[in-house]
**Q** 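Have a look at this one before I ask anything.
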Amino acid sequence: MSSHEQPSFMQTTWRKLRCLFLYFMFALICFVIMPFACFFAIPFTGRFRTTRNQFIGVHLFDFLRWSIQWPMKVSGRHNIPSMEAQPTCLFIMNHQSMFDVLIMTEVIKPRVAVALVKREIVWQVPLFGLASYVCGNILINRKKGSTNKEKLHNDVKQLAATNNSVFVCPEGTRYIGKDILPFKKGAFHLAVSTGIPIVPVVVSSFDYLYNLSKCEVVDNARIFVQVLPPIDTKDLTTEDIDELVESTHSLMNKKYHEINSNMSTT
């Protein structure tokens with residue numbers, strides 16, 4: 001179909017149904033099935049709060065990607081350090097949608113990662129929020145900056161002892177646009193203070209997946225993910241934070257433009 005032709009009623013209806021099915025399946029699994037699966041795992045792991053409670057949830061995300069035919073291609077997996085060489089990493093990714101979790105859980109396999117989650121989610125989305133806590137995700141109070149830094153440092157040290165990683169979206173808010181939003185510094189302070197490497201993950205614009213305003217999955221829907229080489233932080237200090245934030249954002253934003261430019265011509 002030419003780009004100038006208007007889609008038929010059946011084509012438009014099919015796009016909308018695919019988009020509604022995408023949201024329905026995501027909501028069903030994330031907000032209903034997965035929380036109960038995480039709670040069900042507690043007797044088997046023997047702990048109320050541990051990343052091992054994610055086991056069933058991760059496989060549910062696998063099922064979700066399969067059921068909705070998630071059109072994702074990942075490049076650069078070789079840039080993720082091996083578990084033997086670097087058990088704990090800080091993965092950072094541009095933040096566009098609640099569907100980001102489907103991307104990250106696939107990209108980091110076989111690693112297990114926890115996310116930084118705002119504390120309010122526990123009562124704003126009760127089942128999902130409590131399940132996030134049960135799965136070992138780190139709840140932060142965004143109003144207490146200095147307290148958060150100390151708590152995060154201790155939490156990540158504990159994660160390193162159990163060979164778990166951390167997943168952060170440093171933009172701090174969801175955004176689909178021509179550029180990646182400026183990064184907040186919290187994740188970078190975390191990496192420098194603990195000496196763990198930063199692994200940047202760049203995801204193509206979700207404009208190539210769906211049209212949110214029309215609630216439609218676009219024709220030839222696809223997502224491209226690029227894992228960039230890890231950034232070593234062992235020899236960095238707090239004085240290097242600003243430069244680290246700027247250089248990492250510039251690197252990821254450049255790759256974001258490059259990926260979207262290539263996708264627009266295919």
Side-chain angles (χ1 to χ4, degrees), residues 20 22-65 67-68 70 88 90-108 111-159 162 164-176 181 184 186-187 190 201 203 206 212:
L20 289 171
L22 171 66
Y23 274 92
F24 171 76
M25 289 298 295
F26 185 85
L28 178 65
I29 287 180
C30 285
F31 303 126
V32 181
I33 299 176
M34 191 176 71
F36 285 105
C38 295
F39 301 144
F40 178 77
I42 294 173
F44 298 94
T45 61
R47 295 184 62 184
F48 180 74
R49 184 171 185 249
T50 174
T51 54
R52 288 182 294 170
N53 291 334
Q54 295 182 17
F55 176 75
I56 300 176
V58 168
H59 287 289
L60 284 171
F61 282 138
D62 291 338
F63 170 75
L64 179 55
R65 281 188 293 268
S67 67
I68 62 178
W70 191 245
T88 303
L90 174 66
F91 293 89
I92 62 173
M93 187 173 78
N94 52 309
H95 192 17
Q96 301 183 79
S97 165
M98 60 184 180
F99 299 126
D100 290 342
V101 67
L102 294 179
I103 297 172
M104 185 53 72
T105 51
E106 172 64 23
V107 168
I108 69 172
R111 289 176 177 268
V112 174
V114 302
L116 302 187
V117 182
K118 62 179 182 179
R119 191 181 62 174
E120 303 89 83
I121 200 171
V122 174
W123 56 83
Q124 288 177 346
V125 192
L127 275 178
F128 180 76
L130 185 56
S132 294
Y133 179 78
V134 166
C135 288
N137 290 317
I138 302 173
L139 305 182
I140 59 173
N141 185 345
R142 294 186 292 185
K143 296 180 181 179
K144 297 183 178 180
S146 58
T147 304
N148 279 333
K149 286 181 184 179
E150 183 178 349
K151 181 181 182 300
L152 285 174
H153 180 86
N154 293 333
D155 286 342
V156 172
K157 285 292 186 183
Q158 293 177 12
L159 288 170
T162 53
N164 292 307
S165 293
V166 184
F167 161 49
V168 181
C169 293
E171 290 170 284
T173 188
R174 289 174 290 186
Y175 177 73
I176 303 175
L181 291 178
K184 298 183 183 300
L190 183 62
V201 179
V203 183
F206 270 34
L212 194 56

**Q** I'd like to know whether Val203 forms a side-chain contact (heavy atoms from CB on, under 4.5 Å) with Asp100, so could you lay out the CA-CA distance, the side-chain angles of the two residues, the decisive distance to 0.1 Å, and finally the verdict.
**A** CA-CA 9 Å; Val203 183; Asp100 290 342; 5.7 Å; no
**Q** Apply side-chain contact (heavy atoms from CB on, under 4.5 Å) to Met98 and Tyr23, showing your working.
**A** CA-CA 10 Å; Met98 60 184 180; Tyr23 274 92; 3.2 Å; yes
**Q** Heavy-atom count check: over 12 atoms from other residues, nucleotides or ligands less than 6.0 Å from Phe36 CZ?
**A**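 Not more than 12 within 6.0 Å, no.
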**Q** Identify the two heavy atoms, one from Val134 and one from Cys38, that lie closest to each other, and give their separation to 0.1 Å.
**A**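 Scanning both residues, the minimum pair turns out to be CG1-O, 4.2 Å.
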**Q** Kindly indicate whether the side chain of Leu28, heavy atoms from C-beta on, has any atom under 4.5 Å from the side chain of Ile33.
**A**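 Sidechains of Ile33 and Leu28: in contact.
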**Q** Considering all heavy atoms of both residues, which atom of Arg49 and which atom of Ile138 are nearest to each other, and what is their separation?
**A**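 In terms of heavy atoms, the two residues are closest at NH2-CA, 4.0 Å.
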**Q** Out of curiosity, Leu102 CG to Asp62 CG, how far, rounded to the nearest 0.5 Å?
**A**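 Those atoms lie 10.0 Å apart.
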**Q** Minimum heavy-atom separation for Val201 to Asn94, with atom names?
**A** O-OD1, 3.5 Å
**Q** Begin from the C-alpha positions of Trp70 and Leu64 and carry the test side-chain contact (heavy atoms from CB on, under 4.5 Å) through to its verdict.
**A** CA-CA 8 Å; Trp70 191 245; Leu64 179 55; over 6 Å; no
**Q** Could you walk me through whether Gln54 and Thr105 pass side-chain contact (heavy atoms from CB on, under 4.5 Å), step by step?
**A** CA-CA 11 Å; Gln54 295 182 17; Thr105 51; over 6 Å; no
**Q** Counting only heavy atoms not in Phe55, do more than 12 sit closer than 6.0 Å to its CZ atom?
**A** no
**Q** Which pair of non-hydrogen atoms, one from Ile29 and one from Phe63, has the smallest distance, and what is that distance?
**A** CD1-CD2, 3.9 Å
**Q** CZ/Phe39 to CG/Leu130 distance, rounded to the nearest 0.5 angstrom?
**A**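 Phe39 atom CZ to Leu130 atom CG measures 4.0 Å (nearest 0.5 Å).
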**Q** Nearest 0.5 Å please: distance from the OG1 atom of Thr173 over to the NZ atom of Lys184.
**A**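 Taking OG1 in Thr173 and NZ in Lys184, the distance rounds to 8.0 Å.
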**Q** Would you name the heavy atoms of Thr45 and Arg52 that are closest together and state the gap between them?
**A** O-NH2, 3.3 Å
**Q** Judged by atom type as modelled, is there a donor-acceptor pair below 3.5 Å linking the side chain of Thr88 to the main-chain atoms of Asn164?
**A**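 Looks like yes, one N/O pair under 3.5 Å.
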**Q** For the residue pair Phe44 and Phe40, what are the closest heavy atoms and their distance?
**A** CD1-O, 3.4 Å
**Q** Distance check, rounded to the nearest 0.5 Å: Glu120 atom CD versus Leu139 atom CG?
**A** 9.5 Å
**Q** How many angstroms lie between atom CD of Glu171 and atom CE of Met93, to the nearest 0.5 angstrom?
**A**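 Separation between the atoms: 9.5 Å.
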**Q** Please evaluate residues Phe31 and Phe128 with respect to the criterion ring pair (Phe, Tyr, Trp, His ring centres under 6.0 Å), reporting the C-alpha separation (whole Å), side-chain torsions for both, the decisive distance (0.1 Å), and the verdict.
**A** CA-CA 5 Å; Phe31 303 126; Phe128 180 76; 5.2 Å; yes
**Q** Applying the side chain to side chain contact (heavy atoms under 4.5 Å, CB included) criterion to Leu127, which one of Cys30, Pro35, Ser132 satisfies it?
**A** Pro35
**Q** As an exercise, state the distance from SG of Cys169 to CZ of Phe91, rounded to the nearest 0.5 Å.
**A**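 Cys169 atom SG to Phe91 atom CZ measures 13.0 Å (nearest 0.5 Å).
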**Q** Assess the pair Phe206 and Tyr175: is the distance between their ring centroids shorter than 6.0 Å?
**A**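 For Phe206 and Tyr175, the ring centres are not under 6.0 Å apart.
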**Q** Is the backbone N or O of Gly136 less than 3.5 Å from a side-chain atom of Asn53, with the two atoms forming a donor-acceptor pair by type?
**A** no
